2 protein chains.
Amino acid sequence: MELNEKQAAILEVAEKLFAENGFDGTSVRQIAREANINIAMISYYFGSKEKLLDALLYHRLAGFRHEMEKVMLDKGDHMHKVDRMVALIVTRIHRNRRAYKVVSFEYSNPSRQVSFENYIRRKKDNYSMIEKLIKSGQKAGVFSKKVNIPLLIPTILGTYFHFYNHRKFFEALHGLDGKQTVEDYVNTTLIRHIQQTVKALLTYEMPRGKSQIN
Amino acid sequence: MELNEKQAAILEVAEKLFAENGFDGTSVRQIAREANINIAMISYYFGSKEKLLDALLYHRLAGFRHEMEKVMLDKGDHMHKVDRMVALIVTRIHRNRRAYKVVSFEYSNPSRQVSFENYIRRKKDNYSMIEKLIKSGQKAGVFSKKVNIPLLIPTILGTYFHFYNHRKFFEALHGLDGKQTVEDYVNTTLIRHIQQTVKALLTYEMPRGKSQIN
DNA sequence: GAAAGTTAAACAATCGTTTAATTTAAACGA
DNA sequence: TCGTTTAAATTAAACGATTGTTTAACTTTC
């Protein structure tokens with residue numbers, strides 16, 4: 001399903017407003033006004049407000065399975081692959097942060113009649129990819145077997161989201177200011193922190209100096 | 001400001017509905033119905049819907065500075081204090097998870113005219129307590145100096161929230177079922193995972209076998 | 001009998017959606 | 001290139017339902 005220019009503009013505005021004010025906090029009139037179109041066009045193109053949300057998620061959460069598979073085939077040791085994988089995940093989530101914010105809020109909203117099947121399927125896909133990498137590292141004796149693999153997801157994504165949703169707070173704490181700086185901070189310091197976290201977890205209480213078989 | 005029985009019941013219902021359906025997704029009629037009171041009582045007692053949210057946050061996010069200070073005075077080494085501190089934070093957040101969920105969503109909502117000053121002040125208080133503990137451990141040579149201390153907060157809280165908001169997903173992944181099991185899982189496995197994460201970060205690339213001075 | 005509590009009803013405003021009329025654009029045979 | 005046809009796009013207006021809040025009358029409590 002392709003989108004014409006006007007449909008794309010509507011989705012763009014809707015994404016921004018949904019992420020900022022929530023789905024229920026955004027009116028179709030607001031969307032129409034900011035997108036410079038008539039209210040009726042939303043029903044005309046998408047059917048309803050909820051179907052607009054459906055379409056938004058459909059177009060924004062397209063898979064990045066392929067990118068993850070490329071990382072798996074990377075040369076370099078397990079640690080390096082973990083670094084690349086974490087950077088890939090965080091970069092990806094950050095780029096589509098608004099769509100993911102909408103999902104993660106509306107997902108647990110019982111009155112929302114939206115299909116999250118795509119979202120869940122992709123989440124499971126991505127998890128199994130991570131699991132594969134970790135278990136391979138464990139077999140090679142590089143990673144600790146004590147780590148709770150499913151909980152790595154909340155550790156990676158949760159750290160990002162909590163930072164980003166409270167960026168105002170951390171801006172004050174770090175003395176950061178302006179949009180560009182937060183962007184830089186995510187792409188350098190935050191990613192490095194999460195990489196460090198995962199690697200630390202994976203080697204916690206591991207014997208040191210062992211020869212790492214790739 | 002004390003609450004009578006009816007006011008407390010209203011707050012109770014409002015907290016549940018706000019957390020489940022969001023502030024904008026909850027109507028005052030819905031609250032009145034579930035709390036078995038007349039609509040007008042909400043305005044009568046709290047003034048408006050937004051002031052109801054104000055009152056909710058005020059009564060739910062009361063400080064736990066005192067508990068944290070107790071942990072700091074604990075006997076035991078730095079590692080033990082970190083364990084206790086993480087457990088305290090997660091337990092506390094988990095107990096008031098609904099109020100915190102409302103805050104963390106509404107906090108970044110620009111159209112919400114609610115004072116988050118209390119929330120921010122407390123957050124800064126808690127951070128400085130954590131910072132104190134970590135720095136003390138670093139001076140003692142027990143903790144690595146490479147760790148980004150402010151980002152420990154997203155790592156701890158973000159891991160919890162992402163797990164809890166996606167608990168449906170993890171229930172399917174773990175084969176958990178029922179409410180009691182999630183409760184147990186948080187209080188045992190999840191807390192242990194977060195403790196492990198923080199400790200791993202704090203000792204990442206630290207020399208081993210060093211005598212730990214308390 | 002004064003104050004506090006409680007109620008049903010009404011308020012204007014806004015909600016998402018639909019209607020019916022009109023304009024625009026493309027396709028058509030001549 | 002012409003007028004005609006057809007479908008898509010766009011509009012203003014109206015729909016009924018629901019929103020948060022207020023009113024004014026009534027009951028309870030002390």
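Computation of the quantities below employed the complete heavy-atom set of this structure, encompassing side-chain atoms and omitting hydrogens, waters and symmetry-equivalent molecules. Every chain is numbered from 1 and lettered A, B, ... according to where its sequence line falls, protein lines coming before strand lines. From a predicted model like this one, the values you see are computed outputs, not experimental measurements.
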Partners of [X] by side-chain contact (heavy atoms from CB on, under 4.5 Å), sequence neighbours excluded?
X        : value
B/Lys139 : none
A/Glu131 : A/Tyr127, A/Lys135, A/Ile149
B/Ser48  : B/Glu50, B/Lys51

To the nearest Å, give me how far apart [atom1] ([X]) and [atom2] ([N]) are.
X       : N      : atom1 : atom2 : answer
A/Lys51 : C/dT18 : NZ    : C1'   : 14 Å
B/Ile39 : D/dT18 : CD1   : P     : 12 Å
B/Leu52 : D/dT21 : CG    : C1'   : 14 Å
B/Lys49 : D/dT22 : NZ    : C1'   : 17 Å
B/Leu3  : C/dG5  : CG    : P     : 13 Å

*Basic-acidic side-chain contact under 4.0 Å: A/Glu69, A/Lys132*: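 Between A/Lys132 and A/Glu69 there is no salt bridge, as every charged N stays at least 4.0 Å from the carboxylate O atoms.
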*Are B/Glu15 and B/Arg97 within salt-bridge range, i.e. N to O under 4.0 Å?*
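No salt bridge links B/Glu15 with B/Arg97.
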*asked:* Please enumerate all residues that pass side-chain hydrogen bond (donor to acceptor under 3.5 Å, both in side chains) together with B/Asn187, with sequence neighbours excluded.
replied: none
_As a check on the pairing definition, encode DNA chain D in dot-bracket form, counting Watson-Crick and G-U wobble pairs whose two distances are under 3.5 Å, and using | for partners outside this strand._
|..|||||||||||||||||||||||||||
_DNA chain D contacts made by residues 8-31 of chain B, counting heavy atoms under 4.0 Å_ = B/Thr26, B/Ser27, B/Val28, B/Arg29
Output a table of nitrogen or oxygen pairs between the protein and nucleotides 6-10 of chain D separated by less than 3.5 Å.
residue, atom, partner, partner atom, Å
D/dA9, OP2, A/Tyr44, OH, 2.8
D/dT10, OP1, A/Lys6, NZ, 2.8
D/dT10, OP2, A/Tyr45, OH, 3.4

*asked:* Under the rule for salt bridge (charged side-chain N to carboxylate O under 4.0 Å, His left out), what residues qualify as partners of B/Arg192, not counting sequence neighbours?
replied: none
*Could you pull out all residues at least two apart from A/Asp24 that satisfy salt bridge (charged side-chain N to carboxylate O under 4.0 Å, His left out)?*
A/Arg112
Less than 3.5 Å apart, which donor and acceptor atoms pair up between the side chains of residues 28-36 of chain B and the rest of the protein, not counting sequence neighbours?
residue, atom, partner, partner atom, Å
B/Gln30, OE1, B/Ser27, N, 3.4
B/Glu34, OE1, B/Lys16, NZ, 3.2

*Dump the intermediate steps for side chain to side chain contact (heavy atoms under 4.5 Å, CB included) on B/Thr197 and B/His193, then the final yes or no.*
CA-CA 6 Å; B/Thr197 305; B/His193 170 79; 3.7 Å; yes
Only pairs under 3.5 Å count here: list side-chain donor-acceptor contacts from residues 87-95 of chain B, not counting sequence neighbours, and write none if there are none.
residue, atom, partner, partner atom, Å
B/Thr91, OG1, B/Ala87, O, 2.5
B/Arg92, NH2, B/Ala62, O, 2.2
B/His94, ND1, B/Tyr160, OH, 2.6
B/His94, NE2, B/Glu183, OE1, 3.3
B/His94, NE2, B/Glu183, OE2, 3.0

*Scan A/Ile42 against the nucleic acid and name what it touches under 4.0 Å (heavy atoms): base, sugar-phosphate only, or nothing.*
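Counting heavy atoms under 4.0 Å across all strands, no contact is made by A/Ile42.
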*Can you give one letter per nucleotide of nucleotides 24-30 of chain D, going 5' to 3': B for a protein heavy atom under 4.0 Å from the base, S for sugar-phosphate only, - for none?*
-------
*Could you check B/Lys81 against B/Asp74 for salt bridge (charged side-chain N to carboxylate O under 4.0 Å, His left out), going step by step and ending with a plain yes or no?*
CA-CA 7 Å; B/Lys81 282 182 186 173; B/Asp74 239 19; over 6 Å; no
_Atom NZ of residue position A/Lys146 - does it have more than 12 heavy atoms of other residues, nucleotides or ligands inside 6.0 Å?_
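Atom NZ in A/Lys146 is not packed in, count stays at 12 or less.
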